[in-house]
Participant: 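Starting off with a structure, shown below.
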2 protein chains.
Amino acid sequence: MSDPLEKDPQSELSPDITGTDGRTLADRVFARLQDDIVRGELLPGTKLGETELATRYGVSRGPLREAIRRLESRKLLERVPHVGTRVASLTLPDLVEIYHVREALEGMAARLAAQHMTDEEISGLVALLSQHEQQQDLKEDTAYFQREGDLDFHYRIIQGSHNDTLIQMLIGGLYHLVRMYRYQFSTVANRPQRALQEHRRIIEALEARDGEMAELLMRRHISRARENIERSTPPGENP
Amino acid sequence: MSDPLEKDPQSELSPDITGTDGRTLADRVFARLQDDIVRGELLPGTKLGETELATRYGVSRGPLREAIRRLESRKLLERVPHVGTRVASLTLPDLVEIYHVREALEGMAARLAAQHMTDEEISGLVALLSQHEQQQDLKEDTAYFQREGDLDFHYRIIQGSHNDTLIQMLIGGLYHLVRMYRYQFSTVANRPQRALQEHRRIIEALEARDGEMAELLMRRHISRARENIERSTPPGENP
DNA sequence: TTCAAGCGGATTGTTGACAATAATGCTTCA
DNA sequence: TGAAGCATTATTGTCAACAATCCGCTTGAA
């Protein structure tokens, strides 16, 4: 728990983080801290002392503060001047807000993806889907892969929009919050069969280059997920 | 040009910036620097030396760097490690991307506003509209007020969504870029009559609490503005 | 004349120390 | 016994100096 940062362990997921260095110290501590928050290493509400973090990551307080400022603008940290920073704790209404934004943004992403995705990207998406369907057949402990796989599906469509502003907002901004929530509450879609079917129809719309249909389906897909969240038991009352 | 920051002159617009202090130095220099960029005081592409800025604003490099990092994540500054930071220069494709995002986000904002706006907020919006119509009648040099007034209209609807995530993304993130572009190219809507009419219909939908209609109209409104931009002469070729 | 390699200057990245602010615990008085 | 006020203390905010990196220029040779 007190290892210097050096990006030691496996970093297979989170493509944001290029395992090696090559960037500045502040950038590395930013990536590392973000990862620790998202993966639940640092629990929401945790008070983060600057000197403590600085020694923990083996850097000075300068770069650390820059990283904190950036995480703060990504809503992963909450800071009060002269008091301190703590890990953002998402409430259920916050998550509902995020899903409204996702609905709008990813709907647009699907529309643009239908226009701008290359044929190779689409066929890659088809392959990913059949892979997910096989995992679903196996009915193994697919919770983890299902979770990340779902994210991966959405990732690819977002990238397929070829709109950098959109990509930044979604992947650089919102998805870390969603992932943090999922890790925190082990929230896995409890409607995997239906979700897969929705994914399949979205891909069909993409293959048909039907932007309006793709947007409509994606919005429905996310809207249902949101309703699912709204109906679910609030955090802490999970079985 | 070399006055200490102290927030000296008129700051009637940009409600983001509370003229007085009360926040930390880094926060103040962040706000001031952002304002200078948006208002075109610092032109796009300008190289920003840290020591130079530090002396200019009368602070040390520490707080300044924190402000720079935050502006960078808002896409107002572009930074290259070990090289330097410069004011972001928007290209036309960038602006088109932003308008796609605005279409999605403000469409959702209008939908939510129809549900969540208070009656007082709506009547305030009606008053604002009639005020704009009068200014339009006067046909004075309404370029400036038209510009800011349009922004104000959209501001209010965004706030009316009562979705903080959405508000942050739009007002805290995207609108500064839009304003920067408008100041830079003096881009005022060259279809004011039509835009006003579209505003009026949006408000009607809001009054009817028709979320779907409000979203549809808002999306059309922004989509048309985007098409207008796409057809327009690229920067530098303006008369 | 042109290209490449090496050097110098300037700028950014990082650090540790100093100052200021807010939370905490204790003392004291009603 | 409780509450208000004050001093202490730990933490954050800020600063100035040090180290590392990059850019441009000179210099030399092909």
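The figures here come from the full heavy-atom set of this structure, side chains too, leaving out hydrogens, waters and symmetry mates. Chain A is the first sequence line, chain B the second, and so forth, proteins listed ahead of strands; every chain is numbered from 1.
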Participant: Between atom CZ in B:Arg86 and atom C1' in D:dC23, what is the gap in whole Å?
Facilitator: 13 Å
Participant: Does A:Arg56 reach the side chain of A:Asp36, with side-chain heavy atoms less than 4.5 Å apart?
Facilitator: yes
Participant: With respect to A:Glu66, which candidate in B:Arg69, B:Arg70, B:Arg61 satisfies the salt bridge (Lys or Arg N to Asp or Glu O under 4.0 Å) definition?
Facilitator: B:Arg69
Participant: Charged N to carboxylate O below 4.0 Å: is that the case for B:Arg79 and A:Asp27?
Facilitator: yes
Participant: Within the structure provided, determine whether A:Tyr181 and A:Leu92 are in side-chain contact (heavy-atom separation under 4.5 Å).
Facilitator: yes
Participant: Could I get a table of every N or O pair under 3.5 Å where one atom is in the protein and the other is in nucleotides 11-15 of chain C?
Facilitator:
unit_1 : atom_1 : unit_2  : atom_2 : d
C:dT12 : OP2    : B:Glu50 : N      : 3.2
C:dG13 : OP1    : B:Arg79 : NH1    : 2.9
C:dG13 : OP1    : B:His82 : N      : 3.4
C:dG13 : OP2    : B:Glu50 : OE2    : 3.4
C:dG13 : OP2    : B:Arg65 : NH1    : 2.5
C:dG13 : OP2    : B:Arg65 : NH2    : 3.3
C:dG13 : O3'    : A:Thr24 : OG1    : 3.0
C:dG13 : N7     : B:Arg61 : NH2    : 2.7
C:dG13 : O6     : B:Arg61 : NH1    : 3.1
C:dT14 : OP1    : A:Thr24 : OG1    : 3.0
C:dT14 : OP1    : A:Leu25 : N      : 2.5
C:dT14 : OP2    : A:Thr24 : OG1    : 2.7
C:dT15 : OP2    : A:Ser60 : N      : 3.0

Participant: Parallel under 30°, tilted from 30 to 60°, perpendicular over 60°: which one fits the rings of B:His154 and B:His221?
Facilitator: parallel
